[in-house]
Structure formats: C-alpha cells, structure tokens
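Whatever order the structure lists them in is the order used to number ligands and atoms, beginning at 1. Being a predicted model, the structure only gives us computed values, none of them experimental.
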Amino acid sequence: MLLRAEAWHPEYLLCWVAWRHRRGRHEDFGKIPMKIAETIEQVRREVAAVRAAGQSVGLVPTMGALHEGHYSLIDAARDQCDFVVVSIFVNPTQFAPGEDLSRYPRTVEADLAGCRERGAGLAFLPAAAEMYHPAAKTTVSVANLPETLCGRSRPGHFAGVCTVVAKLFNIVQPDKAYFGAKDYQQSVIIRRMTADLNIPVEIVVCPTVREADGLAMSSRNANLSPQERSEAAALHGSLQLAADMICNSAQPAGEVIAAMRDYLAEKAPSGQVDYIQIVDSDTLADAATAQVPALVALAVKFSQARLIDNMSIM
Ligand code: AMP
C-alpha cells in the first residue's frame, strides 16, 4: 500500500493520470463536461487550450437532428483523437430556393445530450450570422465533380457544402474530420477540395449506418409518412439487387438501372426516382458497363423528403 506522500511521487502521479485518461475515454462519457460554443472566438479559445495541452482534435460537421449515423462519426473521432468537436449548423447556403431548409428537422436539446453522452468535448452551434458576414464574397467550389449525381438536381449545393466545410476547417483546425459514406459524392468532393487547397486535415470516411430494414439513417427520414417509411426500405433493396446482378457477371449499366427502377416502382410506389447511376468511385463518371468495382448511387423523392443512398460493390 502506498503511503500518502508516495502517492504524490511524480511517477505514480503520471501513471494515475495516464490510467484516468484511458479509463476516462471509455467509461466517463456523459460525465465529462461538454462545452457549448456559439461564436468562432469561443471555439478558437477552447481548441487553443486543447492544443496547448498537446492533444489532437477531431471534427464532426453535422446539420443536427442527430442519429446513430452521426454518433458513429463521433465514436470514430473519439477513438482516434483526444478531443472531439461536433458542429451543428443547418447551413443555409447548401439549400437551393424551394428546398427543405425550413422543414429541416431541428432537435437541439436531444443533440446536445447525445454529443455529451458520446464523449464530445465541444459542440459548436453558430447562428447563420456568425458563419456568414453580410459582406462575404468568397465561396469555395470544386469543378466537374458536382455536375453529376446529386449536383444535377441540386445546383449550388456542393459549393455551399465546400464553403461551410472549408470555413469549419479554418475555425476548428482539426487534425482529422469525419464524414459518412452515405453522402458519397460529398466525401469525394471534400477530399478533392482538401487536397487541392492543401488543407492539413485528414479526411476520414465512415460506413453508412442503417435501420434494421436497411434504410440508411438520415435526419430527413423524420419527414416520411408511415407509408413512405415502410416503402423507403426498398432503396437499399434496389442497391442489393444491383449488387447481386453485378457480382454474378458484368452487365450493361442501363440494364441494371432499369431493373432497379422496376424494383422501386413496385416496392416504393410513393417515391419518385430522381436518379440512379453507376459510376466510377473516384471520378464519378458514368460507367457504360456495370462490373466490380462499382459505385451504385440513387436519390428518391418522397412527398416531404428526398432520400439518397449508395453501395460500393467490390
Ligand atoms: P448531415 O447532418 O446530414 O449533414 O450529416 C453529417 C454527417 O453525417 C455527414 O458526413 C453524413 O455523411 C454523415 N451521415 C449522415 N447519415 C449517416 C449514416 N446513416 N451513416 C453514416 N454517416 C452518416
């Protein structure tokens, strides 16, 4: 047994600190006080203190209405970084006029409780005026990659995403930033932007988290009617159909897409297909022949929600 004086010996103290640190990473989530920042200055101050302590920083950018998909990113960030910043900002510049900005679900209290429970150190919830100065004239846009898939029906969307993500990278200056594979095109564009602008942030893309019936978790699922919700499982079903067809043998992409359209028409009649595409996973160029490896992606519009999903078939 240690005498009291020995317990304060620097070596014991160091061991105790290391043990508390490891233990804290696994058991004390929810007890560690999470800070909440609404201003850029607060974020910079908090991150500077973390950096001064020699700790690494992970950033998880979100628009809130958090679900297990988002929490999986926080878990990954927490596993790989000492300190996790979660931004919650429904970014107006990535919504085109007529899109669902006003209907976008907002569940701030539950989001903060979830972030705290999963071990985030800081939640950043800026107002739009904090992020966008009225005199601002600069946007960030990546060429070509936004001209396909979601970018076709959402003009300006990816410029809004890139601009806000670049700003968040500059505000937080994380070592790593975490994105979901569900938004596949977004992850490709953000990787490109980060490389092209020499931003010293490692981009980590995490797998899509799904409901039990295969539907990809999404904040927008809350805007589905019960009938639409039960039909929406067919999005994943149609991707599995494509995987079955492609794994057996190479096929003309058009035939696979036609089979997916038929499947969706039967299983999800309330939905309207926006696009189904089979593309190169790096360039996002349409493939004439569907064969492994392939990236199959789709978007389907329901009455109050446009859902996207994809499958990387290896
Ligand atoms: P959002 O709040 O929709 O902007 O999403 C924030 C981040 O969470 C993005 O990087 C998304 O790709 C990611 N994300 C959303 N849904 C899922 C999911 N079901 N599985 C994994 N990541 C997700």
**Message:** Quick check on contacts: which atoms of ligand 1 are under 4.0 angstrom from a heavy atom of Thr62?
**Reply:** 2 (O), 6 (C)
**Complete:** shortest atom 6 (C) of ligand 1-to-protein heavy-atom contact is with Pro61 O, 3.4 Å
**Request:** For the residue pair Val142 and Phe158, establish whether any side-chain heavy-atom pair is separated by less than 4.5 Å.
**Result:** no
**Prompt:** If you measure from the Lys or Arg side-chain nitrogens to the Asp or Glu carboxylate oxygens, is any gap between Arg154 and Glu99 under 4.0 Å?
**Reply:** yes
**Prompt:** Would you say ligand 1 has an N or O under 3.5 Å from any N or O of Met63?
**Reply:** yes
**Prompt:** Hey, which of Lys301, Gln227, Glu231 is the one that makes side chain to side chain donor-acceptor pair (under 3.5 Å) with Ser270?
**Reply:** Glu231
**Prompt:** So which protein heavy atom does atom 3 (O) of ligand 1 come closest to, and at what separation?
**Reply:** Tyr104 OH, 3.7 Å
**Request:** Starting from the C-alpha separation in whole Å, work towards a yes-or-no answer on salt bridge (Lys or Arg N to Asp or Glu O under 4.0 Å) for Arg306 and Asp274.
**Result:** CA-CA 9 Å; Arg306 178 180 174 281; Asp274 180 5; 3.0 Å; yes
**Request:** Measure the shortest side-chain to side-chain distance between Val84 and Arg118 over non-hydrogen atoms and say whether it is less than 4.5 angstrom.
**Result:** no
**Item:** Ion pair check, Arg192 and Asp282, cut-off under 4.0 Å
**Value:** no
**Message:** I'd like to know whether ligand 1 has Tyr71 as a neighbour, heavy-atom separation below 4.0 Å.
**Reply:** no
**Message:** Just so I know, are the side chains of Val201 and Asp175 near enough to count as touching, which here means a heavy-atom distance under 4.5 Å?
**Reply:** no
**Prompt:** Where does Pro207 meet ligand 1, judged by heavy-atom distances below 4.0 Å: at the side chain, the backbone, both, or neither?
**Reply:** backbone
**Prompt:** By number and element, which atoms of ligand 1 are closer than 4.0 Å to a non-hydrogen atom of Met217?
**Reply:** 16 (N), 17 (C), 18 (C), 19 (N)
**Asked** Can you list the atoms of ligand 1 that are under 4.0 Å from a heavy atom of Phe179?
**Response** 10 (O)
**Prompt:** Quick one: does Val86's side chain get under 4.5 Å of Ile74's, heavy atoms only?
**Reply:** yes
**Prompt:** Relative to the heavy atoms of Gln186, which atoms of ligand 1 are at a distance of less than 4.0 Å?
**Reply:** 9 (C), 10 (O)
**Request:** Please write down residue, atom name and distance for the protein heavy atom closest to atom 1 (P) of ligand 1.
**Result:** His70 NE2, 3.6 Å
**Item:** Protein contact to atom 22 (N) of ligand 1 [nearest heavy atom, distance to 0.1 Å]
**Value:** Gly180 CA, 3.5 Å
**Residue and atom name of the nearest protein heavy atom (relative to atom 20 (N) of ligand 1), distance in Å to one decimal** = Val209 N, 2.9 Å
**Request:** Determine whether Arg210 and His236 make a side-chain contact, defined as any pair of heavy atoms from C-beta on separated by less than 4.5 Å.
**Result:** yes
**Item:** same_hphob_cluster(Ile203, Val140) at 4.5 Å side-chain heavy-atom cutoff
**Value:** yes
**Message:** What protein heavy atom lies closest to atom 12 (O) of ligand 1? Include the residue and the distance to one decimal.
**Reply:** Asp183 OD1, 2.6 Å
**Message:** Check for me, please, whether Tyr104 and Val165 land in the same ILVMFWY cluster - side-chain distances under 4.5 Å, paths through other members count.
**Reply:** no
**Asked** With a 4.0 Å cut-off on heavy atoms, does Ala181 reach ligand 1?
**Response** no
**Message:** Minimum distance, heavy atoms only, to atom 8 (O) of ligand 1: which one of Leu215, Val60, Leu73 is it?
**Reply:** Leu73
**Asked** Non-hydrogen atoms of Ala65 versus ligand 1: any pair closer than 4.0 Å?
**Response** no
**Asked** Does ligand 1 have a heavy atom under 4.0 Å from the side chain of Tyr184, from its backbone, from both, or from neither?
**Response** neither
**Item:** Heavy-atom proximity to atom 15 (C) of ligand 1, best of Glu68, Lys182, Gln94, Arg210
**Value:** Lys182
